[in-house]
2 protein chains.
Amino acid sequence: MAVTIRDVAKAAGVHVSTVSRTFSSPHLVNSATRERVLAAAQRLDYRPNRAASALTTGRTHNLGLIVADIANPFFPPLIKAAQAYAREREYHVFVADTDEDPQSEEELIQTLAKQVDGVVLVAPRLTNLAIERLGMDLPFVVVNRRVKGLSAVLMDIGHGTTEAVEHLAGLGHRRIVLAPGPRASWSSEQMGRAAASATERLGVDLVVTGPNAPTEQGGVTAAAEVLDSGATAVIAYNDLVAIGVIEGLNDRGVDVPGQVSVVGVDDTVAGRLNRPKLTTIAMPTPAAGRTAVDLLLQAVAGGRTAAQATLETSLTIRDSTGPAPS
Amino acid sequence: MAVTIRDVAKAAGVHVSTVSRTFSSPHLVNSATRERVLAAAQRLDYRPNRAASALTTGRTHNLGLIVADIANPFFPPLIKAAQAYAREREYHVFVADTDEDPQSEEELIQTLAKQVDGVVLVAPRLTNLAIERLGMDLPFVVVNRRVKGLSAVLMDIGHGTTEAVEHLAGLGHRRIVLAPGPRASWSSEQMGRAAASATERLGVDLVVTGPNAPTEQGGVTAAAEVLDSGATAVIAYNDLVAIGVIEGLNDRGVDVPGQVSVVGVDDTVAGRLNRPKLTTIAMPTPAAGRTAVDLLLQAVAGGRTAAQATLETSLTIRDSTGPAPS
DNA sequence: CCCTATTCGGCAAACGGTTGCAGTCAATAG
DNA sequence: CTATTGACTGCAACCGTTTGCCGAATAGGG
């Protein structure tokens, strides 16, 4: 049916091994023969069957990219960049969504394992132990998490958080609410630490609320806690929460940024399009996607070393923050 | 290295073919033997190598999903649903982004062809001719487009558009701007036709502007044309454009929905989170993703029939539309 | 108790490539 | 002119699974 290496061999009048070599180690074949083979291949529109060569070489030229929730605006830019970068390197990528479920995450990795050379795990929900165990069979790169022995890409939210606190303090805010996300994620921890040290240094009060759901609704409910705390500024877990906070505040007749300033995290489309445009701690998600693929490819190529890349975050100031009310 | 069918065979004391049959046609093997094989497989944590079986069966159990732009908020819900649905059916999906470029779309399909059983093309940029040609080698399902001989999933924006016009006319608007996207897409056409006939039926003026880029910026520039036209309502090509229109209007001191009503298309997160919350023609993107995979799997299974599914759109009324100013 | 129909399970040849090994041939050295 | 070397290329085994074919064993019927 499809054209195979044998068809090309026949057309070029050589043995299949010569055709194979023409593609995989061209220097081993005489240039005249090579030309002949390439011409025949071209003529027949031959395309090697990756799956077949994977059988002998062990290289599938495929990668897995596993994220918690494709529809969460945080992920698409990362997926897009990872996939584009992989393609440049002649890799295709399986994208899968675990629906935030550790069980299905593990199951997924297991079934994917044979078909990929490695997997990028973005903000995995699995325990470190489980990941380490899986990591013995297959190269992994984790994003926004550290796992012993595995390469990691970290977006250092600490820096952005510090900038945010400084920005708010500079605007005269003396009491800031930190509305963290649901659990003990690496990000949350970083953020908490940075906020604590920056506020202390600047002599500003820090109030930690929640935890709330990392959704718009979570933000709406967090808005009440913000008002109770008497703070005039909020740093939310992510843009969605921030938008929810703004909505909750507006519902109570509180103006943003007039009376309360709000800072989000992630720099998603949603935040850019929100009115007021969200001041946010920008995550370098496209860079993270590219870097993750890069590290993964290195690991695949044999570098058994666990590399680590830390990407900086920085504050993007827009319209949801302003001077503290006097 | 990895555990193969041979290891299982050895452990269970049977021939490899028996192991193979245990999985692919269990009824052909004696239940006692089957138990023994399954036990051994379980014990060794055996997982069949899909790529290897693809070699003989011709079924890769992989699908391709090609979209124009992963980061465009329209696509992620579709990707998420398609991928989840495929997984239930024991299929994995390659997701790829063409950056709106027909060239790379075709190239992509070619290299993917050997590794997948079929491909879902969402709003492809390729010419019908090119798609038909490719369709001879591989099952395809196209979304929001019709191509001779191929299954298609169509989101009938006509219905939603009619509802939108009725909604606006009901609010007293007598002149409506339609701000379409880049020309000649199936959607644009549908939309134009429905808007024309609904406005005519209701005795309302229809002004078609643009075309503008299908982006927020495109919307901002469209805002000027809206004001020039003297219309009091706009139906934009998509949510992003709608948000841009609102922004452009606000910049000129025009209130939405006080002075001008704005309707978007797609029902993306961006629109839901926008303030005012966007009235929008909701596209059933998750359903489209599932249906596309469903039709594709049917085509793969042998139904050479080109099925067609039309999904209804409907108007979701939120806060960006209101009574026409008097 | 023998014969035939079934049911099982082993054998081996694919599927489309890759690669170690060995053979061919011409060029170069001695 | 012969021996050696190096550059090519053919041969065949192998990667992990599937599947048509065939023989063995078992059961059922007469």
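In what follows, every chain begins at residue 1, and chains take the letters A, B, ... in the order their sequences are listed.
By the 6.0 Å contact criterion, CD on B:Gln308 is enclosed, its count of non-hydrogen atoms from other residues, nucleotides or ligands being greater than 12. Crowding of A:Lys10 atom NZ: a count of heavy atoms from other residues, nucleotides or ligands under 6.0 Å not exceeding 12.
B:Val29 comes within contact range of the sugar-phosphate backbone alone, with a heavy-atom separation under 4.0 Å but no base atom that close. Across all strands shown, B:Arg59 has no heavy atoms under 4.0 Å from either base or sugar-phosphate atoms. Within the 4.0 angstrom heavy-atom criterion, only backbone atoms of the sugar-phosphate kind lie near B:Val14; the bases stay farther away. When heavy atoms are screened at a 4.0 angstrom cut-off, B:Ser53 is found touching the sugar-phosphate backbone but no base atom. Using a 4.0 Å heavy-atom cutoff across all strands shown, B:Tyr46 reaches sugar-phosphate atoms only and no base atom. Within 4.0 Å (heavy atoms only), A:Thr4 reaches sugar-phosphate atoms of the nucleic acid but no base atom. Backbone-only contact: A:Thr33 has heavy atoms under 4.0 Å from sugar-phosphate atoms and none from a base.
Listed nucleotides: C:dG16, C:dC11, C:dT18. Nearest to the side chain of A:Arg6: C:dG16. Listed nucleotides D:dT9, D:dT17, D:dC15 differ in distance to B:Ala52; the shortest reach to its side chain belongs to D:dT17.
Side-chain rings of B:Phe23 and B:Tyr46 approach one another, their centers coming within less than 6.0 Å.
The nearest whole Å value for the distance from the CG atom in A:Asn49 to the P atom in C:dC15 is 13 Å. Taking atom CZ on A:Arg21 and atom P on D:dA7, their separation rounds to 14 Å, with Å as the unit. Atom CG of A:Asn30 is separated from atom P of D:dG10 by 11 Å (rounded to the nearest Å). Here the P atom of nucleotide D:dG16 and the CD atom of A:Gln115 are 15 Å apart, to the nearest Å. Taking atom CG of residue B:Leu55 and atom C1' of nucleotide C:dT18, one finds them 13 Å apart after rounding to whole Å. Rounded to whole Å, the distance from CG on A:Leu28 to P on C:dT18 is 13 Å.
Residue A:Thr57 places no side-chain N or O under 4.0 Å from the OP1 or OP2 atom of C:dT19. Applying the 4.0 Å criterion to OP1 and OP2 of D:dC15, one finds that A:Thr56 has every side-chain N and O outside that range. An OP1 or OP2 oxygen of D:dC11 is reached within less than 4.0 angstrom by a side-chain nitrogen or oxygen of A:His15.
Taking 3.5 Å as the limit, the base of C:dG16 and the side chain of A:Arg47 contain no donor-acceptor pair of atoms between them. Side-chain atoms of A:Arg50 and base atoms of C:dG17 include no donor and acceptor less than 3.5 Å apart.
Taking a cutoff of 4.0 Å between a charged side-chain nitrogen and a carboxylate oxygen, A:Glu88 and A:Arg290 do not qualify as a salt bridge.
Where B:Ile5 and A:Thr18 meet DNA chain D, the nucleotide closest to each residue was compared, and A:Thr18 sits on the side nearer the 5' end. The residue among A:Phe23 and B:His27 whose nearest nucleotide of DNA chain C lies closer to the 5′ end is B:His27.
Between the A:Ser151 side chain and the A:Ala307 main chain, a donor and an acceptor come within less than 3.5 Å of each other.
Between A:His92 and B:Thr111 the shortest side-chain heavy-atom distance falls below 4.5 Å.
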